Amino acid sequence: MPDESLHYFITPPTMFLPADGLRVSVIGVDNDWTDQLGDVLETTMPNMPMTFYHLDEITMDQWQWLYHMAESSNLIMVNVAKATLLEITIAMSYIGENKLWFYIDTDQVDINLVMLLNTMNANVFTSSEQLVSMLRAFIGNE
């Protein structure tokens, strides 16, 4: 991330709901991926302030915070290979809503799960480039 940014990264137990901008829940503990996702979204929507909610370590006792942040978010981004079963269950409660997006690392995620997500018409992406294309189409910039 650049030193000067409109982004905030929020981890438990902090509760922060910004007055404006995009609120993004990142599910699946992978700090490098979270940073990369922030960079991609900042490049795609450079003038929009963004707040990212994420866990910085795998823990089962933060699910209430994760659920509340997901409920308050405009986007939920799930790294399927890094998410716990509980985190995927929380994310799946938003299936059918356009705010839920799944990142699939094809080397780590079972092909049957990929087919299931595609059958459910979920928003699935496998690379930063694909995410950018999908988001631009989704928000009407392409």
Side-chain angles (χ1 to χ4, degrees), residues 1-12 14-60 62-142:
M1 291 294 259
D3 290 336
E4 293 186 26
S5 173
L6 297 174
H7 292 30
Y8 298 96
F9 288 84
I10 309 298
T11 59
T14 306
M15 301 292 274
F16 174 71
L17 296 174
D20 62 350
L22 190 64
R23 296 178 308 276
V24 182
S25 285
V26 182
I27 296 179
V29 176
D30 184 338
N31 291 329
D32 292 336
W33 186 75
T34 300
D35 288 341
Q36 181 183 14
L37 179 64
D39 291 342
V40 167
L41 291 175
E42 185 172 27
T43 300
T44 306
M45 297 173 268
N47 298 320
M48 181 172 293
M50 293 181 207
T51 302
F52 293 86
Y53 305 107
H54 68 99
L55 297 174
D56 54 3
E57 61 184 41
I58 295 175
T59 177
M60 295 302 283
Q62 298 292 341
W63 71 267
Q64 300 93 334
W65 179 90
L66 185 67
Y67 179 79
H68 178 72
M69 294 297 95
E71 183 69 25
S72 301
S73 292
N74 307 105
L75 285 175
I76 301 170
M77 299 294 208
V78 182
N79 185 333
V80 175
K82 302 294 183 171
T84 66
L85 181 58
L86 182 57
E87 291 171 335
I88 290 175
T89 302
I90 289 170
M92 291 301 246
S93 67
Y94 299 96
I95 202 73
E97 295 185 33
N98 283 326
K99 74 180 195 173
L100 181 60
W101 296 67
F102 294 94
Y103 167 68
I104 302 293
D105 181 335
T106 54
D107 294 332
Q108 296 182 353
V109 177
D110 184 88
I111 189 66
N112 290 311
L113 180 54
V114 176
M115 289 189 301
L116 176 63
L117 290 171
N118 284 325
T119 301
M120 296 166 42
N121 203 26
N123 298 314
V124 175
F125 63 99
T126 59
S127 68
S128 296
E129 296 78 19
Q130 187 180 23
L131 173 61
V132 168
S133 295
M134 291 172 70
L135 283 173
R136 287 195 172 140
F138 186 73
I139 61 177
N141 289 346
E142 266 190 354

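Note that these values count all heavy atoms, side chains included, but never hydrogens, waters or copies made by symmetry. In this text, all values refer to a predicted model and were calculated from it rather than measured experimentally. Along the sequence shown, the residues carry numbers beginning at 1.
With a 4.5 Å cut-off on side-chain heavy atoms, Met15 and Trp65 count as touching. No side-chain heavy atom of Leu75 sits less than 4.5 Å from a side-chain heavy atom of Ser25. Contact annotation: the side chain of Ile104 approaches that of Thr106 to within less than 4.5 Å [non-hydrogen atoms, C-beta and beyond]. Counting only heavy atoms from C-beta outward, the side chains of Val26 and Val24 approach each other to under 4.5 Å.
For the pair Leu131 and Trp101, the tightest heavy-atom approach, listed with the atom from each and the gap, is CD1-CE3, 4.0 Å. Closest approach of Met45 and Leu22 over heavy atoms only: CE-CD2, 4.0 Å. A pairwise comparison of heavy atoms in Leu100 and Ala91 identifies CD2-O, 3.2 Å as the closest pair. In this structure, Leu55 and Val29 approach most closely via the heavy-atom pair O-CG2, 3.6 Å. Listed here is the closest heavy atom pair of His54 and Asn31: CE1-OD1, 3.8 Å.
Thr44 places no side-chain N or O within 3.5 Å of a backbone atom of Val132 that could act as its donor or acceptor partner. Here the side chain of Gln130 pairs a donor or acceptor atom with the backbone of Thr126 at under 3.5 angstrom. In this structure a side-chain-to-backbone donor-acceptor pair under 3.5 Å is missing from Trp33 to Gly28. When atom types are taken as modelled, the side chain of Lys99 and the backbone of Met77 share no donor-acceptor pair closer than 3.5 angstrom. For the pair Glu87 (side chain) and Thr84 (backbone), a donor-acceptor distance under 3.5 Å is present. Put simply, the side chain of Arg23 never gets that close to the backbone of Pro18: no donor and acceptor are under 3.5 Å apart. Between the Ser73 side chain and the Ile76 main chain, no donor and acceptor come within less than 3.5 Å of each other. In this structure, Tyr53 contributes its side chain and Phe16 its backbone to a donor-acceptor pair below 3.5 Å.
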Exercise for review: I would like to know whether Asn123 and Leu117 meet side-chain contact (heavy atoms from CB on, under 4.5 Å); could you show each step before the answer?
Suggested key: CA-CA 8 Å; Asn123 298 314; Leu117 290 171; over 6 Å; no
Practice item. Check the pair Tyr94 / Glu71 against side-chain contact (heavy atoms from CB on, under 4.5 Å), numbers first and verdict last. Key: CA-CA 9 Å; Tyr94 299 96; Glu71 183 69 25; 2.7 Å; yes
Point to revise | Derivation of the side-chain contact (heavy atoms from CB on, under 4.5 Å) call for Trp63 and Ile90 | key: CA-CA 8 Å; Trp63 71 267; Ile90 289 170; 3.9 Å; yes
Exercise for review: Start with the C-alpha gap between Gln62 and Glu57, add the side-chain angles, then the distance that decides, and say whether side-chain contact (heavy atoms from CB on, under 4.5 Å) holds.
Suggested key: CA-CA 10 Å; Gln62 298 292 341; Glu57 61 184 41; over 6 Å; no
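Once rounded to the nearest 0.5 Å, the distance linking CD1 of Ile27 with CE of Met69 reads 12.0 Å. With rounding to the nearest 0.5 angstrom, the CG atom of Leu17 is 8.5 Å from the OG1 atom of Thr51. The line from CG of Leu113 to CD of Gln108 is 12.5 Å long, rounded to the nearest 0.5 Å. Within the model, atoms CG of Asn79 and CG of Asp30 stand 5.5 Å from one another, a figure rounded to the nearest 0.5 Å. To the nearest 0.5 Å, atoms CD1 (Ile88) and OG (Ser93) are separated by 12.5 Å. Atom CE of residue Met50 and atom CD of residue Glu42 lie 7.0 Å apart, to the nearest 0.5 angstrom.
For Phe125 and Phe102, the ring centers sit 6.0 Å or farther from each other.
Relative ring orientation between Phe9 and Phe52 is described as parallel, the plane-to-plane angle staying below 30° on a 0-90° scale split at 30° and 60°.
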